[in-house]
Novice: 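I'd like to ask some things about the structure below.
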Amino acid sequence: MPALAFMAIVVALAADNALAGATTSTVPALSEGVDEKAWSFSASASTYIVPDDQEYVQPTFSADRGWLHLEARYNYENLETGSAWVGYNFSGGKKLEWEFTPMLGGVFGNTTGVAPGYKLSLTYWKFEFSSEGEWVFDTGNSEGNFFYNWSELSVSPVDWFRFGLVGQRTRAYQTDVDIQRGLLVGFSYKKIDFTTYVFNLDQGKPTWVFSVGVSF
């Protein structure tokens, strides 16, 4: 599968080129305290096991340099559909650390359109809330306009383990509920994260998502 091959290459590169983590800003700023000339990268692949539907992999790759955020996704807005994004990084906070990135993207493939979006994270002590959303304006069919969202609330009793709640709204596959809710369990090792999600436990046939991510 092309997406899996892509992720294998990214993980191999990350193992040889892992860099020290960037310094987090402690006051409202445009990535203050971070080397504005240094690039940081992340890649992830999520495998969806959907009942009575096809399985698929959803890869994402992002690159950041100071205020600049670049991102590419596949199989996110729809199957066999890609999207490319550019955004502006804001961050700040001391006890409550926050990051916010407004973005603008183009969508192409089975769904074609433009999409304003955002990425948001709030961290306090061992708790973290993160959310990403986008409103796709389908240029081919206005009935394809849709708001996509993925949000997580988790607690990390130790640095390498977290658990919590997850919710999503998607049209990448058919579901009986508008907003899917579920649980998450995640583990990390150095710069690699492994997370398992399970949605719709009350529906009899839950949807499983297995995600692996790496930063470098």
Side-chain angles (χ1 to χ4, degrees), residues 4 7-29 31-35 38-49 57-64 69 71 73 76 87 89-101 118-133 149-170 179-202 206-216:
L4 289 176
M7 285 308 303
I9 293 172
V10 170
V11 171
L13 290 174
D16 291 334
N17 298 284
L19 302 176
T23 302
T24 303
S25 171
T26 57
V27 295
S31 301
E32 286 187 12
V34 177
D35 184 351
W39 284 96
S40 61
F41 304 92
S42 66
S44 66
S46 299
T47 300
Y48 283 71
I49 311 297
V57 176
Q58 191 277 300
T60 298
F61 179 80
S62 64
D64 292 89
H69 176 79
E71 189 166 330
R73 304 172 181 172
Y76 189 98
N89 293 319
F90 297 88
S91 64
K94 293 184 178 180
K95 290 185 177 180
L96 176 62
E97 299 178 6
W98 58 269
E99 295 180 358
F100 177 66
T101 304
Y118 72 89
K119 297 173 76 76
L120 168 70
S121 70
L122 301 171
T123 304
Y124 178 78
W125 191 45
K126 297 180 181 294
F127 296 90
E128 181 177 6
F129 171 78
S130 63
S131 178
E132 61 180 44
N149 180 265
W150 179 288
S151 297
E152 301 180 13
L153 177 62
S154 63
V155 59
S156 301
V158 292
D159 291 342
W160 54 268
F161 172 72
R162 70 187 183 104
F163 65 93
L165 306 174
V166 60
Q168 74 163 336
R169 191 169 189 260
T170 183
I179 300 176
Q180 301 181 64
R181 301 172 179 85
L183 305 175
L184 70 88
V185 176
F187 301 88
S188 61
Y189 178 73
K190 295 185 178 179
K191 294 186 178 295
I192 303 177
D193 296 308
F194 305 90
T195 309
T196 297
Y197 306 89
V198 56
F199 292 94
N200 308 327
L201 285 169
D202 58 340
T207 294
W208 292 86
V209 182
F210 302 98
S211 179
V212 59
V214 60
S215 58
F216 52 99

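The chain is numbered in sequence order, starting from 1.
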Novice: Rounded to the nearest 0.5 Å, what separation is found between the OG1 atom of T101 and the CD atom of E71?
Specialist: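 Those atoms lie 9.0 Å apart.
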
Novice: Out of curiosity, L184 CG to F199 CZ, how far, rounded to the nearest 0.5 Å?
Specialist: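 So the gap between those two atoms works out to 8.5 Å.
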
Novice: Say you draw a straight line from CZ of F100 to CZ of F90; how long is it, rounded to the nearest 0.5 Å?
Specialist: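 It is 7.5 Å, given to the nearest 0.5 Å.
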
Novice: To the nearest 0.5 Å, how far apart are CG in D64 and CH2 in W39?
Specialist: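 If I round to the nearest 0.5 Å, the distance is 8.0 Å.
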
Novice: Less than 4.5 Å apart, any side-chain heavy atom of Q58 and any of V209?
Specialist: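 SC-SC contact between Q58 and V209 ruled out.
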
Novice: Cut-off 3.5 Å, no hydrogens considered: what does the side-chain donor-acceptor table look like for residues 155-166, sequence neighbours left out?
Specialist:
| unit_1 | atom_1 | unit_2 | atom_2 | d |
| --- | --- | --- | --- | --- |
| R162 | NH1 | E152 | OE1 | 3.0 |
| R162 | NH1 | S154 | OG | 3.3 |
| R162 | NH2 | E152 | OE1 | 3.2 |

Novice: So among S215, S42, S44, which one has a side chain to side chain donor-acceptor pair (under 3.5 Å) with S62?
Specialist: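 So, applying the side chain to side chain donor-acceptor pair (under 3.5 Å) to S62 and each of S215, S42, S44, only S42 qualifies.
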
Novice: Looking only at heavy atoms, what is the nearest atom pair of A43 and F61, with distance?
Specialist: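 So the minimum-distance heavy-atom pair works out to CB-CD1, 3.9 Å.
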
Novice: For Y197 versus S211, what's the shortest heavy-atom pair and its separation?
Specialist: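 Scanning both residues, the minimum pair turns out to be CE1-CB, 4.1 Å.
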
Novice: Would you compute the distance between atom CZ of R181 and atom OG of S151 and round it to the nearest 0.5 angstrom?
Specialist: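 Reported value, rounded in 0.5 Å steps: 11.5 Å.
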
Novice: Please set out all donor-acceptor pairs under 3.5 angstrom arising from side-chain atoms of residues 118-128, sequence neighbours excluded.
Specialist:
| unit_1 | atom_1 | unit_2 | atom_2 | d |
| --- | --- | --- | --- | --- |
| Y118 | OH | S131 | OG | 2.8 |
| Y118 | OH | N149 | ND2 | 3.0 |
| K119 | NZ | E132 | OE1 | 3.0 |

Novice: Which atom names give the shortest non-hydrogen contact between L201 and P206, and what distance separates them?
Specialist: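 Shortest heavy-atom contact: CD2-CB, 4.2 Å.
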
Novice: So, for W150 and Y76, is the gap between ring centers shorter than 6.0 Å?
Specialist: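 So the answer is no for these two rings.
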
